[in-house]
Amino acid sequence: MNRAARLAGLFLVLSMVASLGLAAVYIAGGQPQAEGALLAVSLGSIGAALILWGKRILAGPNDVEPREPPSPPAEVERAEEAVEEGAERIARRRFLVRLLGAAGGALGVALVFPIRSLGPSPGDTLLVTQWKRGARLVTDTGEPLLATSLESGSIVTVFPEGFIGSADSQAVLVRVDAANLDLPAGRDSWTPEGNLCYSKVCTHAGCPVGLYVQTEHALRCPCHQSTFDVYTGAQPISGPAARPLPQLPLEVDADGYLVAGGDFSGPVGPSFWNMP
């Protein structure tokens, strides 16, 4: 049993060394083959120690003896030896428990480092864009747009000033007859001079919604033909998209330029990551 306990302890020490080696290799820049080998040694050593523990250390005889009169001195001596052996065995087990805890802790430390490879937490970056209250609407050439720049029935791709090319902030500005609008409650003031602005990122698969069918007053995605009714807040009317395009509230500044009244009405992009 002493030999088995020493061997189990050796395996646990080997596991700790391998785990610390794994952490060191990762910090030094990483090497997939070395990391895989060290992880295998660490886990394999813990497994081998547990097998020895269960098979050789915890196993013991099941002796049953009938109750007899007071034992002779020889038996008392043997009983004392058995108690001492049991105490020694318990001490060995405590030592192995500590070693097992240390090996598990070392492996845990080694496994913490790869979490850094996942990158920083996205925070709320999936829920907000570069649009802020007062940001002027500009074209892809940086030209700001007046409330009267577009003719009725025309569209243009716009960005917040200073963020031209921003993928999640790209939007489509459409000008229509305001008398035909049937927008969701609370959006009556979002369309000065009949100008409406919707996210250009399709809520189905993220393709750019760049087609405007004037006869149907609808924006259409060329990828999967999702179609959105401009008059009703870009509600989907055909195709696979199940969620309307988020709308950008618009205002007119003192110089007559179109500016954002805030961010979009909801998260932009495909519904699969932000909606049930």
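Throughout, numbering of the chain's residues begins at 1 and tracks the sequence. Note that the coordinates shown come from a computational prediction; the quantities given were computed from them, not determined experimentally.
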Practice task
May I ask you to decide if Ala167's main-chain N or O and Gln170's side chain share a donor-acceptor pair within less than 3.5 Å?
Solution key: yes

Practice task
Could you tell me whether the side chains of Thr227 and Ser238 share a donor-acceptor contact shorter than 3.5 Å?
Solution key: yes

Practice task
Please report the shortest heavy-atom distance between Ala241 and Ser226, naming the atom on each side.
Solution key: N-OG, 3.1 Å

Handout entry: Leu38 vs Val25 side-chain heavy atoms within contact, under 4.5 Å
Key = yes

Exercise for the section: Would you mind reporting whether Glu143 and Val138 have side-chain heavy atoms less than 4.5 Å apart? Expected result: no

Below 3.5 Å, can you tabulate the donor-acceptor pairs from side chains in residues 245-262 to any protein atom, sequence neighbours excluded?
{"from": "Gln247", "atom 1": "OE1", "to": "Arg187", "atom 2": "NH1", "distance (Å)": "2.9"}
{"from": "Glu251", "atom 1": "OE2", "to": "Arg133", "atom 2": "NH1", "distance (Å)": "3.0"}
{"from": "Glu251", "atom 1": "OE2", "to": "Arg133", "atom 2": "NH2", "distance (Å)": "2.9"}
{"from": "Asp253", "atom 1": "OD1", "to": "Asp255", "atom 2": "N", "distance (Å)": "2.9"}
{"from": "Asp253", "atom 1": "OD1", "to": "Gly256", "atom 2": "N", "distance (Å)": "3.0"}
{"from": "Asp253", "atom 1": "OD1", "to": "Tyr257", "atom 2": "N", "distance (Å)": "2.8"}

Practice task
Locate the shortest heavy-atom distance separating Gly210 from Ile155; write the atom from each residue and the value.
Solution key: O-CD1, 3.9 Å

Handout entry: Gap between atom CD1 of Ile164 and atom OG1 of Thr141 - 0.5 Å precision
Key = 7.0 Å

Exercise for the section: Please state whether the sulfur gamma atoms of Cys202 and Cys207 sit closer than 2.5 Å to each other. Expected result: no

Problem - Polar side-chain atom of Ser149 near backbone of Leu146 as donor-acceptor pair, under 3.5 Å - result: yes

Exercise for the section: Go through Val230 and Val176 one step at a time and tell me if the side chain to side chain contact (heavy atoms under 4.5 Å, CB included) criterion holds. Expected result: CA-CA 9 Å; Val230 168; Val176 299; 4.2 Å; yes

Practice task
Output every pair passing ring-ring contact (aromatic ring centres under 6.0 Å, His included) with a member in residues 212-235, not counting sequence neighbours, ordered by first then second residue.
Solution key: His204-His224, His217-Tyr231

Handout entry: Test item: side-chain donor near acceptor, Gln33 and Gln31, under 3.5 Å
Key = yes

Fill in the blank from the handout: dist Arg136:CZ -> Glu161:CD (nearest 0.5 Å) comes out at 4.5 Å

Practice task
Report the distance from atom OG of Ser19 to atom CG of Leu43, rounding to the nearest 0.5 Å.
Solution key: 7.5 Å

Exercise for the section: Keeping the roles fixed (side chain from Ser166, backbone from Phe163), state whether a donor-acceptor pair exists under 3.5 Å. Expected result: no

Problem - Minimum heavy-atom distance Pro222-Leu211, with the two atoms named - result: CB-CD1, 4.0 Å

Handout entry: Interatomic distance, Leu145 atom CG to Cys197 atom SG [nearest 0.5 angstrom]
Key = 9.5 Å

Practice task
Locate the shortest heavy-atom distance separating Ala49 from Phe11; write the atom from each residue and the value.
Solution key: CB-CB, 3.9 Å

Exercise for the section: Indicate whether any N or O donor in one side chain lies under 3.5 Å from an N or O acceptor in the other, for Thr129 and Asp263. Expected result: yes

Practice task
Treat each ILVMFWY residue as a node, draw an edge where side-chain heavy atoms are under 4.5 Å apart, and state whether Val268 and Leu137 are in one component.
Solution key: yes

Exercise for the section: Side-chain contact test, heavy atoms from C-beta onward, threshold under 4.5 Å: evaluate it for Val209 versus Arg220 and give yes or no. Expected result: no

Problem - Linked, directly or transitively: Leu173 and Leu219 (ILVMFWY side chains, under 4.5 Å) - result: no

Practice task
Provide the closest heavy-atom pair for Pro236 versus Ala242 in the form atom of the first, atom of the second, distance.
Solution key: CG-C, 3.9 Å

Practice task
Check whether any side-chain heavy atom of Leu196 lies under 4.5 Å from a side-chain heavy atom of Leu183, and answer yes or no.
Solution key: yes

Handout entry: Flag for Ser152-Arg175: side-chain donor and acceptor within less than 3.5 Å
Key = no

Exercise for the section: Taking all non-hydrogen atoms of both residues into account, name the closest pair between Ile237 and Ala218 and its distance. Expected result: CD1-CB, 4.3 Å

Practice task
First locate atom CG of Leu12, then atom OG of Ser45, and finally report the distance between them rounded to the nearest 0.5 Å.
Solution key: 8.0 Å

Completion exercise
Rounded to the nearest 0.5 Å, the CG atom of Asp229 sits from the CG atom of Asp182 at a distance of 8.5 Å

Problem - ILVMFWY cluster, Leu14 and Leu22 together (side-chain gap under 4.5 Å) - result: no

Exercise for the section: Determine, step by step, whether Ser199 and Phe264 satisfy the side chain to side chain contact (heavy atoms under 4.5 Å, CB included) criterion, reporting the C-alpha distance in whole Å, the side-chain angles of both residues, the deciding distance to 0.1 Å, and the verdict. Expected result: CA-CA 8 Å; Ser199 170; Phe264 288 111; 3.9 Å; yes

Practice task
Tell me whether Trp131 is reachable from Tyr198 by hopping between hydrophobic residues (I, L, V, M, F, W, Y) whose side-chain heavy atoms are closer than 4.5 Å.
Solution key: no

